[in-house]
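Inspection log for the structure reproduced underneath, given as structure tokens.
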Amino acid sequence: MNGKPPCGNDENRLLDQTIEGLVERARLTLKQPLAGFPHYADTTTGEWTTTEDGFWTGGFWPGVLWLSGHYSGDSSLWQAAEEWVERLEPRVDSDSVFRGFLFYFGCSVGADLAGSKKAETLALAAANSLCATFRPNIGLMPLGTKAEEAHTVGENETNIDSLSASLVLAWAAEKTGNDKFRDVAIRHALTNAEFCVREDGSVCQSASFDSQTGKLIKTYTHKGFSPNSTWGRAQAWAMMSYAYLSALYPENREIRDYAERVCRWWIENVPDDGVAYWDFDAPQETGTPKDTSATSIACYALLTLATVLDDQEVAQEYQGKARATVKTLCRDYVATIPGGAGTIPPLVLTRGCFDPMRGVAIEHELIWGDYFLLHCLGLLTGRLPTKRLG
Ligand code: GLY
């Protein structure tokens with residue numbers, strides 16, 4: 001078996017055109033009078049609902065701008081990213097573990113791609129601040145009192161989405177050589193795995209624990225269909241985080257085992273077209289929402305994990321699955337929106353599903369869905385480096 005997945009000219013064109021259209025969408029967004037950070041958008045008008053302080057999603061907007069600038073060579077997109085990154089500064093110490101999302105995707109990515117000093121400084125400050133919330137007797141960083149979830153937050157709660165904090169800490173460990181960041185990143189990931197990763201490799205989103213002993217009290221969900229169901233993004237965030245940590249720490253077999261288990265479960269349970277329903281256990285009937293954002297995150301994870309797997313056949317399988325799914329997203333789930341200024345029509349990733357239990361943004365463009373699709377396209381087209389793709 002050779003190392004290259006099949007990749008015809010039509011497919012290359014589809015991927016390239018989607019990148020160009022998504023970059024055009026970023027340009028169009030920059031022209032809108034944004035009241036805050038883009039969060040989700042109507043996929044017919046392209047109009048964004050924004051958040052004033054960045055919520056947990058605001059870092060993906062500069063993330064999209066860093067990627068778009070990198071792909072297009074348009075330095076004005078990086079300048080815009082710098083400006084948006086500055087607006088994240090007040091969030092460095094906010095009492096939400098989800099600031100990992102803000103500062104990894106908004107800042108660490110910008111420091112790496114564009115050499116932004118501002119982004120680097122903020123990502124390191126957030127890593128220090130997050131590290132200080134680590135509770136050694138429990139082995140994790142709790143959600144915090146201001147975690148952006150509608151219920152059950154605070155010092156005795158955790159969820160798998162919080163693994164974004166491990167990304168910014170692991171990144172900071174590489175940057176500074178400070179092993180404390182690495183140790184906390186790994187322990188946080190492993191404790192959450194004990195709480196949330198089920199025996200079969202499926203993931204439960206959330207857990208309460210005893211604040212003295214660290215013993216698990218109950219598992220539940222913040223956003224899924226039911227306490228025992230597998231919410232699509234719970235599975236996807238776990239895949240992303242264990243895959244990312246596996247790539248950084250290939251010698252850590254425990255992390256790698258979790259990465260392989262959660263990725264394997266996704267591959268075996270996702271619908272045939274590769275695009276997940278919003279929750280794997282939600283009744284599947286006509287109109288059950290899909291979640292293209294969970295799907296894009298999962299593809300990023302499969303592409304990342306494939307670079308470190310020992311078994312080349314499995315690595316090929318993961319790459320092939322991610323490639324086919326990204327192609328499906330580009331072909332069937334990406335749509336044009338009005339308002340482009342040039343010859344390239346702006347494109348959006350449709351059918352992201354934010355929070356159906358509360359009826360919010362069920363079939364929308366989601367800023368993190370855009371980010372992960374753009375990232376996957378960068379990996380698949382060689383615009384971003386990987387070890388075994390290309
Ligand atoms: N809390 C992160 C998410 O909704 O995916």
Side-chain angles (χ1 to χ4, degrees), residues 37-41 49 51 53-61 63 91 94-106 130 140-154 157-168 188-189 192 195-196 202-207 219-227 229-242 244 262 266 276-280 282 289-301 349 351-373 375:
F37 292 85
H39 179 32
Y40 58 83
T49 295
T51 64
D53 69 351
F55 194 55
W56 64 268
T57 58
F60 289 105
W61 170 225
R91 296 294 311 279
S94 61
D95 189 18
S96 164
V97 72
F98 301 135
R99 65 196 187 280
F101 285 118
L102 298 179
F103 292 97
Y104 180 77
F105 294 101
L130 278 162
L140 55 67
M141 296 169 273
L143 290 188
T145 56
K146 297 278 171 12
E148 297 84 0
E149 298 282 8
H151 67 88
T152 325
V153 297
E157 308 300 324
T158 189
N159 77 25
I160 205 78
D161 322 9
S162 76
L163 262 59
S164 60
S166 286
L167 268 61
V168 79
H188 181 72
N192 275 290
F195 287 166
C196 296
S202 67
V203 176
C204 171
Q205 187 189 5
S206 313
T219 54
Y220 63 101
T221 186
H222 282 92
K223 290 219 182 83
F225 176 68
S226 77
S229 70
T230 301
W231 177 53
R233 284 208 300 284
Q235 194 72 29
W237 291 132
M239 291 166 67
M240 172 198 83
S241 308
Y242 297 118
Y244 180 91
V262 295
W266 177 280
Y277 288 100
W278 75 276
D279 187 300
F280 283 84
K290 292 239 178 175
D291 183 8
T292 55
S293 78
T295 304
S296 307
I297 299 163
C299 290
Y300 166 101
L349 178 60
R351 299 192 67 183
C353 185
F354 172 50
D355 196 348
M357 296 305 272
R358 284 168 202 81
V360 185
I362 293 166
E363 294 208 339
H364 283 69
E365 177 188 13
L366 304 174
I367 191 66
W368 62 97
D370 291 344
Y371 175 87
F372 282 103
L373 180 58
H375 198 121

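Just so you know, ligand 1 is whichever comes first in the structure, and atom 1 is the first atom listed for that ligand.
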[X], portion touching ligand 1 at heavy-atom distance under 4.0 Å:
{"X": "Glu149", "answer": "side chain"}
{"X": "Trp56", "answer": "side chain"}
{"X": "Phe98", "answer": "neither"}

Review point. Which of the atoms of ligand 1 are close to Trp237, meaning less than 4.0 Å from one of its heavy atoms?
Key: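 So the atoms of ligand 1 that pass are 2 (C), 3 (C), 5 (O).
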Check your understanding: Which of the numbered atoms in ligand 1 are below 4.0 angstrom from a heavy atom of Arg233?
Key ->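 Listed by number with element, the hits are 3 (C), 4 (O), 5 (O).
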Decide if the gap between the ring center of [X] and the ring center of [Y] is smaller than 6.0 angstrom.
{"X": "Phe101", "Y": "Tyr371", "answer": "no"}
{"X": "Trp61", "Y": "Phe37", "answer": "no"}
{"X": "Phe60", "Y": "Phe372", "answer": "yes"}

Review point. For atom 4 (O) of ligand 1, which protein heavy atom lies nearest, and how many Å away is it?
Key: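 Looking at atom 4 (O) of ligand 1, the protein heavy atom closest to it is Lys223 NZ, 2.6 Å.
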Exercise for review: Look at atom 1 (N) of ligand 1 and say which protein heavy atom is nearest, naming residue and atom and giving the distance to 0.1 Å.
Suggested key: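 Heavy-atom neighbour on the protein nearest atom 1 (N) of ligand 1: Asp161 OD2, 2.7 Å.
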Review point. Please walk me through it: do Arg233 and Asp161 pass salt bridge (Lys or Arg N to Asp or Glu O under 4.0 Å)?
Key: CA-CA 8 Å; Arg233 284 208 300 284; Asp161 322 9; over 6 Å; no
Are [X] and [Y] linked by a side-chain donor-acceptor pair shorter than 3.5 Å?
{"X": "His222", "Y": "Ser206", "result": "yes"}
{"X": "Gln235", "Y": "Thr230", "result": "no"}
{"X": "His39", "Y": "Thr57", "result": "yes"}

Practice item. Examine Trp231 against ligand 1 and note whether any of their N/O atoms are separated by less than 3.5 Å. Key: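 No, Trp231 has no N/O under 3.5 Å of an N/O on ligand 1.
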Review point. Looking at ligand 1, does any of its N/O atoms fall within less than 3.5 Å of an N/O of Gln205?
Key: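 Among all N and O atoms of Gln205, none is under 3.5 Å from an N or O of ligand 1.
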Check your understanding: Below 4.0 Å from any atom of ligand 1, is there a heavy atom belonging to Trp368?
Key ->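 Flag not set, Trp368 not near ligand 1.
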**Study point:** ligand 1 contact by His222, heavy-atom criterion under 4.0 angstrom
**Key:**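 Per 4.0 Å heavy-atom rule, His222 does not contact ligand 1.
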**Study point:** For Leu349 against Gly369, the heavy-atom pair lying closest together
**Key:**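 Nearest pair, atom of Leu349 first, then Gly369: CD2-O, 3.6 Å.
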